[in-house]
Amino acid sequence: MRSSPERVLPQPDRGLSRRPWGDYALFAALIGPNLALLILFTYRPLVDNIRLSFFEWNISSPTATFVGFGNYREWFGRADTWQIVGNTVVFTVATVAGSMLLGLALALLLDRKLLGRNLVRSALFAPFVISGAAVGVAFQFVFDPNFGLVQDLLDRVGIGAPDFYQDPAWALVMVTLTYLWKNLGYTFVIYLAALQGLRPELSEAAAIDGASSWTAFRRVLLPQLRPTTYFLSITALLNSFQVFDIINVMTRGGPLGTGTTTMVYQVYNESFRNFRAGYGATVATVMFLVLLAVTVYQVRLMDRDDRPRPVRGPRLRRRRRRRGAECDTRSVPSTECDIRPVARKEIVG
């Protein structure tokens with residue numbers, strides 16, 4: 001019997017252990033300052049905020065009283081909490097979905113060769129670089145119920161303008177539209193850059209196969225934009241969840257107390273108007289946990305979509321039946337149809 005050759009096991013790579021200490025020193029010198037700043041200005045305040053949420057502290061007092069989970073029980077039990085949470089959810093969903101849908105539509109339109117498209121692109125992106133406070137001041141005149149632009153346009157068509165500063169529902173619509181106008185350019189530019197980096201041969205193949213515009217958009221274009229959509233969903237969610245300047249300038253959280261108050265604005269109210277820094281830290285901690293959970297879910301969803309999906313169930317059975325039919329008609333090479341497990345045999349010399 002012929003003996004089988006000895007297997008040679010691969011040796012572990014010891015290049016990392018032989019790396020000179022100078023490389024580690026260079027790595028530490030490059031990353032050290034950035035890591036120190038990140039710890040000093042991000043993680044340390046985060047830990048201090050969580051610690052402060054367990055205290056009742058008036059910012060004008062040098063001492064704080066430990067109350068444990070008392071601030072959290074108060075927040076969950078207050079009557080205005082769920083209205084504020086509802087305002088935050090409505091504002092965030094409307095601004096994130098609206099900016100992404102409108103941004104994609106405008107990017108598809110201005111990705112074509114149109115006269116003056118560069119000027120329109122610049123005009124769409126310009127509001128994003130303007131201060132939110134300045135935008136809020138300008139749109140106060142746009143929605144003014146006496147001489148504003150919206151009031152004038154509605155009067156021309158015989159419709160009475162709502163009182164955006166007295167009706168809580170319309171006040172929330174007002175700040176939502178203002179935020180959309182300011183931040184639409186961000187999603188538009190990101191989607192436009194993604195469209196210009198797509199593979200044109202896929203769209204050409206879909207056109208050759210006779211796919212309609214809607215089918216090509218749904219089956220060819222959107223799958224290629226999926227990473228960009230995930231990125232925008234995370235960044236737009238974080239930005240809209242933390243909006244403060246527009247609400248502070250236009251409504252100051254009103255009308256009628258909490259008509260447009262969001263969780264971020266509640267942190268400001270409790271900490272710097274009511275001087276309850278501990279309770280404000282509680283709201284900030286709850287908001288941090290919600291954003292962390294949503295972001296982790298979105299990242300995991302993005303990673304799951306990037307992995308190849310195994311074929312199971314009805315799809316696997318259909319594929320096997322299709323392969324069997326192809327083998328019966330010999331439309332595929334016989335070597336692919338005659339794949340069977342081969343038993344091991346000893347080779348006798």
Side-chain angles (χ1 to χ4, degrees), residues 93-125 128 180 183-240 294-340:
V93 171
T95 52
V96 171
S99 62
M100 292 181 66
L101 291 175
L102 291 175
L104 177 58
L106 291 171
L108 290 171
L109 177 63
L110 295 177
D111 190 41
R112 304 175 181 179
K113 294 182 179 180
L114 301 174
L115 181 64
R117 67 174 183 177
N118 291 333
L119 178 62
V120 178
R121 289 175 179 177
S122 302
L124 283 173
F125 184 71
F128 179 69
L180 273 175
N183 292 275
L184 179 60
Y186 172 72
T187 56
F188 159 71
V189 166
I190 300 297
Y191 267 130
L192 182 63
L195 288 174
Q196 294 177 352
L198 296 183
R199 298 169 58 187
E201 59 269 18
L202 297 180
S203 299
E204 294 172 0
I208 293 174
D209 289 341
S212 63
S213 300
W214 171 246
T215 302
F217 171 76
R218 188 165 54 94
R219 297 291 188 180
V220 178
L221 185 63
L222 281 184
Q224 296 183 82
L225 292 177
R226 185 175 297 153
T228 304
T229 301
Y230 278 127
F231 168 77
L232 282 175
S233 66
I234 295 174
T235 56
L237 175 70
L238 295 177
N239 291 333
S240 64
V294 173
T295 304
V296 168
Y297 172 76
Q298 289 177 309
V299 171
R300 292 188 63 182
L301 189 64
M302 179 172 57
D303 291 341
R304 187 181 65 183
D305 285 347
D306 288 340
R307 300 194 199 104
R309 297 181 180 179
V311 181
R312 299 189 182 96
R315 292 177 59 196
L316 180 59
R317 290 194 293 270
R318 286 196 299 269
R319 180 171 295 183
R320 287 174 174 172
R321 286 198 298 266
R322 185 165 58 250
R323 175 54 57 89
E326 290 172 351
C327 291
D328 291 341
T329 58
R330 294 300 180 190
S331 60
V332 296
S334 59
T335 55
E336 297 184 14
C337 299
D338 296 334
I339 298 176
R340 295 183 178 86

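All heavy atoms count here, side chains included; hydrogens, waters and symmetry mates do not.
Taking the salt bridge (charged side-chain N to carboxylate O under 4.0 Å, His left out) definition, one finds that Arg199 meets it with Glu201, sequence neighbours left out.
Minimum heavy-atom separation, Thr95 to Leu180: O-CD2, 3.5 Å. Here the closest non-hydrogen pair linking Thr215 and Ser212 is OG1-OG, 2.9 Å. Here the shortest heavy-atom pairing between Leu109 and Leu114 reads O-CD1, 3.4 Å. Scanning both residues, Val220 and Ala206, for their nearest heavy atoms gives CG2-CB, 3.9 Å.
Aromatic ring pairs are classed by plane angle as parallel below 30°, tilted from 30° to 60° and perpendicular above 60°; the pair Tyr186 and Phe128 is parallel.
Counting only heavy atoms from C-beta outward, the side chains of Leu195 and Leu225 approach each other to under 4.5 Å.
Counting only residues at least two apart or on different chains, no side-chain hydrogen bond (donor to acceptor under 3.5 Å, both in side chains) pair has a member in residues 110-125. Counting only residues at least two apart or in different chains, ring pair (Phe, Tyr, Trp, His ring centres under 6.0 Å) contacts with residues 190-220 comprise Trp214-Phe217.
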**Leu104/Thr228 under side chain to side chain contact (heavy atoms under 4.5 Å, CB included): CA gap, chis, key distance, verdict** = CA-CA 11 Å; Leu104 177 58; Thr228 304; over 6 Å; no

**Request:** Walk me through it: do Leu124 and Leu106 pass the test side chain to side chain contact (heavy atoms under 4.5 Å, CB included)?
**Result:** CA-CA 9 Å; Leu124 283 173; Leu106 291 171; 4.0 Å; yes

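Distance CD1/Ile190 to OG1/Thr229: 11.5 Å, rounded to 0.5 Å. Summarising the geometry, atom CZ belonging to Arg300 is positioned 12.5 Å from atom CE belonging to Met302; distances are rounded to the nearest 0.5 Å. Going from atom OG of Ser203 over to atom CG of Leu198 covers 7.0 Å, rounded to the nearest 0.5 Å. The CG atom of Leu237 sits 5.5 Å away from the CD atom of Gln298 when rounded to the nearest 0.5 Å.
A donor-acceptor pair under 3.5 Å is formed between the side chain of Thr187 and the backbone N or O of Ser99.
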